[in-house]
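Letters A, B, ... are given to chains in the order of the sequence lines, protein chains preceding strands, and every chain is numbered from 1. Because the structure is predicted, anything quoted here is derived from the model rather than measured. All values below come from the heavy atoms of this structure, side chains included, with hydrogens, waters and symmetry mates left out.
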2 protein chains.
Amino acid sequence: MSVSDSTGITAPQTHKRPKDSDTLTDRAYQQLEEMIVTLRLEPGQVLSEAQLAEDLGIGRTPVREALQRLASEGLVNVLPRRGVLVSEINLSRQLLLLELRREVERLCARKAAQRATADERDGFRALADDLAAVADNRDDAGFMRLDLQFNRALVQAGRNEFAERAMRRIQGLSRRFWFQHYREVLDLERCARLHADVARAIARGDADGAATASDALMDYIVEFTRATV
Amino acid sequence: MSVSDSTGITAPQTHKRPKDSDTLTDRAYQQLEEMIVTLRLEPGQVLSEAQLAEDLGIGRTPVREALQRLASEGLVNVLPRRGVLVSEINLSRQLLLLELRREVERLCARKAAQRATADERDGFRALADDLAAVADNRDDAGFMRLDLQFNRALVQAGRNEFAERAMRRIQGLSRRFWFQHYREVLDLERCARLHADVARAIARGDADGAATASDALMDYIVEFTRATV
DNA sequence: CAACAGATATATCGCCCGCATGTTACGTCA
DNA sequence: TGACGTAACATGCGGGCGATATATCTGTTG
């Protein structure tokens, strides 16, 4: 139940850049988000700041601040003097989240098609090719990696810090559901091709095309989400 | 629904006090947001937690947490050992914000038209009438009040906690710009009527109509924003 | 004997405040 | 004038204290 096998404070050693000015709050946030998204902390579980602080080997303050950030994203909610509850994943909530994600992602796609630099367009073209290859080879891990890369490129090329922030918040909740169910019902090939369609539309600067492609992708994701019951 | 904090608009207790379980962090957040939105704290100004804590008569912790929430909304940003900077308002940033707001608000309007209860529809009808009256009388303060009420009803009837959270974040930055410039170039009558159109479409359950009315309203807001230069 | 109401115990957060550390500004000296 | 040391001040963080919600125990009653 507790997370006693935490690797300690130093170096999450992920693929991410080891930013030198990483505060403990940031680290705690990253670790907790990862644990929640990957279901190592299960929905419905109640945690305490003190326990988490001990497990992570840091003080209560950074843990508390990280938890508040997670609460603002909806991954946990704090019960005033009882503890923090890892929020449940239920289908209807997930569909509500997708309602919002559809709008924001379409905006990002449209704006990315308008605003991407030449380099970024090259990147989207390459991404589309890679996605097509992954679709042919049915490479799970490769797709997950490309999906992450795609989302990052999308918000980057969209050039809208507010949409970026909103997307970042949405991602966490989305990723958790994804992580939980993708093995069961994901049509990897179709999903990868739909991603590639968006990427290609952006690459050629077709804003309307990118928007409709994004909607098509979201249609599939909604379908995928519904299929998990 | 999550922690439903009704944001009283002004600092001291208004006529409404559902429960005094407001934490100091909540109070600090409300007060600081109000001060920033109303430009009592000017953009570019650097603040310190300790100073604010002393001014508000509370400890540093609630102030710190409130500032982090404000930072997540983009109203301030913290300079790592230097202080907190009240973020600047510039036109291009505001336009980017409106890009996102257009999408989220259209979503809320559409969903509100689909999901509002009979009581809520009555509320929107009444709101539309009040807005029309305000448009005739050119009642500034009345409009501001109705606008707040309208936005709250909109996200409430939209029945989407995630869109609600996103809108709440957007409101702060939007309201500040509004507060700063509405005296100069606001066409109150037109703006009130556009609001009323959205409200009426929601009241009659016309989702597409609500969406296009919302877009028309946002078109005007963009025009208003551009006119401030 | 079972069920229940009240008293007590325990766990948890909300908050305060002190210390450590990093950044900036400024006075001082060559 | 310029470089440098130092002081002032900022946040990052740790940990303690008190209030309070919940669970546990106890005594009472039908």
Taking [atom1] from [X] and [atom2] from [N], how many angstroms apart are they, rounded to a whole number?
| X | N | atom1 | atom2 | result |
| --- | --- | --- | --- | --- |
| A:Asn77 | C:dC13 | CG | P | 13 Å |
| A:Leu56 | D:dG14 | CG | P | 11 Å |
| B:Leu67 | D:dT11 | CG | P | 8 Å |
| A:Glu65 | C:dC15 | CD | C1' | 13 Å |
| A:Gln51 | C:dT10 | CD | P | 18 Å |
| B:Glu54 | D:dT11 | CD | C1' | 17 Å |
| A:Arg64 | C:dC13 | CZ | C1' | 6 Å |
| B:Gln68 | C:dG14 | CD | C1' | 15 Å |

**Q.** Sugar-phosphate only, base, or nothing, as touched by A:Ser48 at under 4.0 Å among non-hydrogen atoms
**A.** sugar-phosphate

Q. Quick one: does B:Asn151's side chain have a donor or acceptor within less than 3.5 Å of a partner on B:Asp147's backbone?
A. yes

Q) Does A:Tyr29 have any side chain to side chain donor-acceptor pair (under 3.5 Å) partners at least two apart in sequence or in another chain, and if so, which? A) A:Glu73

Q | Qualifying residues under side chain to side chain contact (heavy atoms under 4.5 Å, CB included), relative to A:Arg121, sequence neighbours excluded | A | A:Ala116, A:Arg125

Q.
Run the side chain to side chain contact (heavy atoms under 4.5 Å, CB included) test against B:Val78 and tell me which residues pass, sequence neighbours left out.
A. B:Val84

Q: State which of C:dC15, C:dC13, D:dG15 makes the closest approach to the side chain of A:Glu49.
A: C:dC13

Q: State whether the distance check finds a donor on one side and an acceptor on the other, under 3.5 Å, for side chain B:Thr23 versus base C:dG14.
A: no

Q) Looking at residues at least two apart in the chain, or sitting in another chain, which of them share a salt bridge (Lys or Arg N to Asp or Glu O under 4.0 Å) with B:Asp219? A)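 Partners of B:Asp219 by the salt bridge (Lys or Arg N to Asp or Glu O under 4.0 Å) criterion, ordered by chain and then number, come out as B:Arg102.
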
**Q.** With sequence neighbours excluded, residues passing salt bridge (Lys or Arg N to Asp or Glu O under 4.0 Å) with A:Arg115
**A.** B:Glu99

**Q.** Per-nucleotide protein contact string for nucleotides 19-27 of chain C, where B marks a base within reach and S marks sugar-phosphate only (heavy atoms under 4.0 Å, - for neither)
**A.** -BBSSS---

(Q) Whether the A:Asp26 and A:Gln30 side chains hold a donor-acceptor pair (N or O, under 3.5 Å, no angle test) is what I'd like checked. (A) no

Q.
Just N and O in the side chain of A:Thr25: are any of them under 4.0 Å from OP1 or OP2 of D:dC13?
A. yes

